[in-house]
Amino acid sequence: MKPTRVRFAPSPTGFVHIGSLRTALYNHLFAKNRGGSFLLRIEDTDRTRFVEGATENLINVLKWAGISYDEGPGVGGDFGPYYQSQRSEIYRKYARLLLSKGAAYMAFDTPEELEKMRLAEKSARDPAPRYNSAVRLKMRNSLVMTQAEVETEIEKGSPYVIRLLVPENRTFEFSDLIRGEVKFDSSHVDDQVLIKSDGYPTYHLANVVDDHEMKISHIIRGEEWLSSVPKHLLLYEYFGWQAPAMAHLPLIFNPDGTKMSKRDIQTLGELPPGKVDPNVETYIKRGYEKEAILNYIALLGWNPGEGDERQIFSLDELVKEFSLERVNKSAAIFDIKKLDWLNSEHISRRDTSVLVSQIKPQLLDKDVEIPSEKYLFQVVELLKTRLHFLNEFLPIAGYFFADPEEYEPDAVKKRWKDDSAKLVLEFCEQISNLTDYNAGTIEEALRMVAERNNVGGGRIIHPARLCVTGKSVGPGLFEILEVLGKETVLRRLKKGAETIPTIKQ
RNA sequence: GGCGCGUUCGUCUAGGGGCCCAGGACGCCGGCCUCUCACGCCGGUAACACGGGUUCGAAUCCCGUACGCGCUACCA
């Protein structure tokens with residue numbers, strides 16, 4: 001059996017689309033699952049759409065996601081170069097081969113002439129005429145021109161393209177690994193341009209040549225390529241090569257069922273309702289965990305199968321479980337809610353010590369003073385389950401690092417009663433005498449004060465939380481008080497008992 | 001328009017003739033826990049696009065219709 005070799009072949013024309021990332025992921029998973037190789041190939045043959053920095057950006061995103069590749073830019077490999085723009089000579093060689101076999105021809109038609117042809121051929125029956133057997137003999141190409149005429153044009157330096165000669169009455173059948181049998185008739189295939197007038201190949205020639213030269217065993221790519229498979233099959237046939245197995249992935253849609261488009265954000269500035277941002281970097285910037293994103297997009301079109309109801313997967317687990325047979329045929333809608341859930345799920349399953357090391361930099365960055373590693377660990381432990389995004393840590397944990405500067409007005413209104421200051425101070429008194437200061441003894445102390453005053457625990461708990469954190473929500477009060485330490489707690493309780501009544505009115 | 005692909009709860013999906021008056025997950029709703037919020041736990045809501053076949057029996061197979069999406073470039 002031939003070794004498994006797959007590739008992710010993006011074109012550097014902008015940001016990294018969420019669908020591209022999934023394609024890359026699936027390729028990577030498939031390769032690693034089978035002990036094969038995953039390569040990255042940059043399809044930069046469209047010089048007009050080339051975007052500076054797009055390739056670097058793409059590589060960074062893959063690196064961020066932990067989707068490693070065995071061959072490609074930056075890592076090398078035996079089948080390079082991995083930039084198509086650096087392989088022009090190879091494509092020209094194969095184009096000449098096609099020419100010599102009569103499988104392709106040169107065409108000198110100008111864009112204006114093509115436009116004229118389309119206009120002339122356009123009819124109700126055929127609103128989108130193709131450059132094919134029906135019209136090619138009416139055009140200016142090496143099929144109708146004499147050898148001498150062709151040479152003259154070339155000498156004149158006239159721009160020309162090389163087109164694929166698509167035979168009439170051919171049926172192209174193939175078995176897609178995801179979709180099953182797919183059939184096309186050659187009458188719907190056009191004489192595809194193989195080499196553009198600028199000398200660069202089109203995707204169609206380049207991907208066939210490269211996939212063969214790079215010994216690709218399986219092509220896993222988006223469904224938008226399904227329609228051009230017949231052209232590729234014809235090329236493999238002309239070259240006498242065996243085509244790789246193919247798998248066409250379903251698309252990812254906006255919540256409103258439309259295609260996730262870069263235009264949604266680029267031209268409108270902000271996202272219209274029903275749309276979702278297709279740019280992976282947007283999610284990185286918002287603070288999504290890479291584990292969550294990978295987990296989510298993996299599940300968008302793939303699942304582990306009957307009886308396996310797991311939702312949470314690490315990259316390693318995905319590698320272990322992935323198979324193309326379990327990839328769906330139909331498009332999926334990108335639902336941010338589930339991504340959010342996965343994000344908090346991945347965070348709360350993470351070791352606290354790991355979280356500490358991830359959170360520390362953002363605190364240092366904001367000049368937050370961290371009393372000790374152990375202290376931070378305790379705080380994170382306490383807040384872990386309510387942390388949905390790592391970057392939410394400081395906003396919800398601020399009071400662990402500084403005395404509250406204000407008290408939530410609504411909470412003051414609701415929880416601060418006339419006797420609150422008195423109760424809080426009594427509670428102060430009680431805990432200041434504590435020799436063994438911990439959540440358990442603190443609670444005992446509080447309950448005692450409550451009982452003595454004939455009130456429920458809540459009458460002290462809420463005001464105390466307000467004094468100490470300034471907030472109405474958070475972890476259990478006794479745990480907070482323990483972590484904060486007696487000295488800090490007493491200071492804050494006294495300060496609160498003094499200040500809150502003044503703002504109450 | 002042509003060609004291709006697709007269509008199970010709001011969303012992601014399980015299901016490949018009887019195990020399904022359709023299972024799981026997110027969301028939503030209700031409850032429990034409780035000092036609040038979150039977590040967790042328990043329960044609920046909700047779907048086989050439509051119409052014909054085939055069959056003793058169809059979400060599952062076939063045909064048609066509708067709808068959606070893709071392609072229809074010297075873009076990928």
Side-chain angles (χ1 to χ4, degrees), chain A residues 9-13 43-46 48-49 107 109-111 114 118 122-131 159-163 176 178-179 182-185 187-190 192-198 200-204 206-207 221-230 248 250-251 253 255 257-259 296 299-312 326 328-342 344-345 348 383-388 396 411 414-415 443 446 456-462 464-466 469 471-478:
Chain A
S11 140
T13 54
E43 309 233 330
D44 53 353
T45 56
D46 184 352
T48 60
R49 292 208 305 157
D109 315 278
T110 63
L114 290 174
R118 289 196 184 100
K122 196 169 167 175
S123 67
R125 259 185 76 101
D126 187 8
R130 283 165 297 275
Y131 199 119
Y160 67 92
V161 300
I162 297 178
R163 284 181 182 273
D176 188 275
I178 293 172
R179 279 147 219 293
V182 183
K183 211 197 290 187
F184 294 89
D185 190 277
S187 61
H188 302 291
V189 181
D190 66 340
Q192 179 64 49
V193 169
L194 265 16
I195 300 281
K196 295 177 271 189
S197 57
D198 65 2
Y200 284 95
T202 57
Y203 172 84
H204 307 284
N207 101 82
R221 87 245 278 188
E223 192 191 334
E224 69 268 26
W225 293 110
L226 194 57
S227 299
S228 37
V229 168
H248 289 88
L251 268 20
F253 289 156
T258 57
K259 193 173 120 169
Y296 181 63
L299 254 23
L300 223 46
W302 172 88
N303 71 79
E306 190 180 6
D308 192 337
E309 279 156 6
R310 281 177 296 170
Q311 302 287 330
I312 312 295
R326 298 226 53 90
N328 266 326
K329 293 188 210 322
S330 50
I333 287 173
F334 191 91
D335 174 28
I336 201 107
K337 287 271 180 51
K338 187 150 184 183
L339 209 208
D340 287 346
W341 174 72
L342 283 169
S344 45
E345 209 56 26
S348 63
L383 260 22
K384 210 172 161 178
T385 57
R386 61 196 70 222
L387 203 54
H388 300 268
I396 67 170
K414 185 174 177 196
R415 304 289 191 188
E443 177 162 11
L446 185 138
R459 288 288 295 279
I460 307 176
I461 289 171
H462 296 294
R465 166 179 281 108
L466 207 43
T469 71
K471 296 175 185 295
S472 59
V473 302
L477 179 71
F478 309 116

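Quick note on labels: first sequence line is chain A, next is B, and so on, each numbered from 1.
- At the phosphate of B:C74, OP1 or OP2 sits under 4.0 Å from a side-chain N or O atom of A:Arg163.
- Closest to the side chain of A:His188, out of B:G4, B:G2, B:G6, is B:G2.
- Residue A:Asp46 places its side chain closer to B:A76 than to any other of B:G1, B:A76, B:C74.
- Residue A:Thr202 is in sugar-phosphate contact alone, with no base atom involved, counting any heavy-atom pair closer than 4.0 Å across all strands shown.
- Within 4.0 Å (heavy atoms only), A:Ser123 reaches no atom of the nucleic acid at all.
- For the OP1/OP2 pair of B:A76 and a distance below 4.0 Å, the side-chain nitrogens and oxygens of A:Lys196 include at least one atom meeting the criterion.
- Among the protein residues, A:Gly474 comes within range of the nucleic acid bases, having at least one heavy atom under 4.0 Å from a base atom.
- Partner assigned to B:C61 is B:G53, using Watson-Crick or G-U wobble distances below 3.5 angstrom.
- The partner of B:C21, taking Watson-Crick or G-U wobble pairs whose two distances both stay under 3.5 Å, does not exist in any strand shown.
- Between A:Asp308 and A:Arg310, at least one side-chain N (NZ, or NE/NH1/NH2) sits under 4.0 Å from a carboxylate O, which counts as a salt bridge.
- Taking atom CG on A:Leu446 and atom P on B:U36, their separation rounds to 13 Å, with Å as the unit.
- Distance CZ (A:Arg179) to P (B:C69): 16 Å, rounded to an integer number of Å.
- Judged as a salt bridge (charged side-chain N to carboxylate O under 4.0 Å, His left out), and not counting sequence neighbours, the contacts of A:Asp46 are A:Arg49.
- The residue A:Lys471 sits apart from the nucleic acid: no heavy atom pair falls under 4.0 Å.
- For A:Ser187 and A:Asp185, the side-chain atoms include at least one donor-acceptor pair closer than 3.5 Å.
- Partner assigned to B:C71 is B:G2, using Watson-Crick or G-U wobble distances below 3.5 angstrom.
- As judged by a 4.0 angstrom heavy-atom cut-off over every strand, A:Leu477 is placed among the base-contacting residues.
- Comparing the P positions of B:G1 and B:U11 gives a spacing of 26 Å, expressed to the nearest Å.
- Straight-line distance from the CZ atom of A:Phe253 to the P atom of B:C12: 10 Å, rounded to whole Å.
- Using a 4.0 Å heavy-atom cutoff across all strands shown, A:Ser227 reaches at least one base atom of the nucleic acid.
- The A:Ala332 side chain lies nearest to B:C12 when the options are B:C12, B:A14, B:A76.
- Applying the ring-ring contact (aromatic ring centres under 6.0 Å, His included) criterion to A:Trp225, with sequence neighbours excluded, gives A:Tyr203.
- Following rounding to the nearest Å, A:Glu223 (CD) and B:U7 (C1') show an atom-to-atom distance of 12 Å.
- Contacts of A:Arg310 with the nucleic acid, taken as non-hydrogen atoms under 4.0 Å apart, are absent.
- Relative to the side chain of A:Tyr203, the nucleotides B:A76, B:C26, B:A14 differ in distance, and B:A76 lies closest.
- At the heavy-atom level, A:Val182 lies under 4.0 Å from the strands shown only through sugar-phosphate atoms.
- Across all strands, A:Ala128 comes closer than 4.0 Å to base atoms (heavy-atom distances).
- Put simply, the side chain of A:Thr202 gets close to the backbone of A:Val193: a donor and an acceptor are under 3.5 Å apart.
- In this structure, the nucleotide among B:A76, B:G70, B:U36 sitting nearest to the side chain of A:Lys259 is B:G70.
- For the P atom pair drawn from B:G30 and B:C69, the interatomic distance equals 36 Å after rounding to whole Å.
- Here the side chain of A:Lys196 pairs a donor or acceptor atom with the backbone of A:Thr45 at under 3.5 angstrom.
- Straight-line distance from the NE2 atom of A:His248 to the C1' atom of B:G4: 11 Å, rounded to whole Å.
- Taking atom P on both nucleotides, B:G24 is separated from B:G43 by 10 Å, rounded to a whole Å.
- Remark: A:Lys337 is not in phosphate contact with B:C12, judged by side-chain N or O atoms under 4.0 Å from OP1 or OP2.
- Within the nucleic acid shown, A:Phe478 comes within 4.0 Å of at least one base atom, counting heavy atoms only.
- Of the candidate nucleotides B:A14, B:C35, B:A76, B:A14 has the atom lying nearest to any side-chain atom of A:Arg326.
- Note on A:Val473: a base of the nucleic acid sits closer than 4.0 angstrom, heavy atoms only.
- Sequence order on RNA chain B of the closest nucleotides to A:His462 and A:Glu309 puts A:Glu309 first from the 5' end.
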Full working for side-chain hydrogen bond (donor to acceptor under 3.5 Å, both in side chains) between A:Arg179 and A:His248: CA-CA 7 Å; A:Arg179 279 147 219 293; A:His248 289 88; 5.7 Å; no
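- Comparing A:Val193 and A:Leu339 against RNA chain B, the residue whose closest nucleotide sits nearer the 5' end is A:Leu339.
- Heavy atoms of A:Pro475 sit under 4.0 angstrom from at least one base atom.
- Between A:Tyr296 atom OH and A:Leu339 atom CG the span is 6.0 Å, to the nearest 0.5 Å.
- Between A:Thr48 and B:C75 there is no side-chain N or O to OP1 or OP2 distance below 4.0 Å.
- Judged purely by atom type and a 3.5 angstrom limit, A:Arg163 has no side-chain atom pairing as donor or acceptor with the backbone of A:Tyr131.
- A:Lys329 places its NZ atom 13 Å from the P atom of B:U13, with the value rounded to the nearest Å.
- When the P atom is compared between B:C21 and B:A47, the two are found 15 Å apart, to the nearest whole Å.
- Pairing partner, B:A66: B:U7, with both Watson-Crick or wobble hydrogen-bond distances short of 3.5 Å.
- Checking B:G43 for Watson-Crick or G-U wobble geometry (two distances, each under 3.5 Å) identifies B:C29 as its partner.
- You'll find that the side chain of A:Glu224 is closest to B:G70, out of B:C75, B:A38, B:G70.
- Taking atom CZ on A:Arg125 and atom C1' on B:U72, their separation rounds to 16 Å, with Å as the unit.
- Candidate nucleotides B:U13, B:C26, B:G24 were compared by shortest atom distance to the side chain of A:Asn303, and B:U13 ranks first.
- Separating the CG atom of A:Leu251 from the C1' atom of B:U7 is a distance of 15 Å, rounded to the nearest angstrom.
- Heavy atoms of A:Arg118 sit under 4.0 angstrom from primed sugar atoms or phosphate atoms, though from no base atom.
- Contacts of A:Pro201 with the nucleic acid, taken as non-hydrogen atoms under 4.0 Å apart, involve only primed sugar atoms and P, OP1 or OP2.
- The shortest distance between the side-chain N/O atoms of A:Asn328 and the OP1/OP2 oxygens of B:U13 is below 4.0 Å.
- Evaluation of atom-type donor-acceptor distances gives no pair under 3.5 Å for the side chain of A:Thr385 against the base of B:C39.
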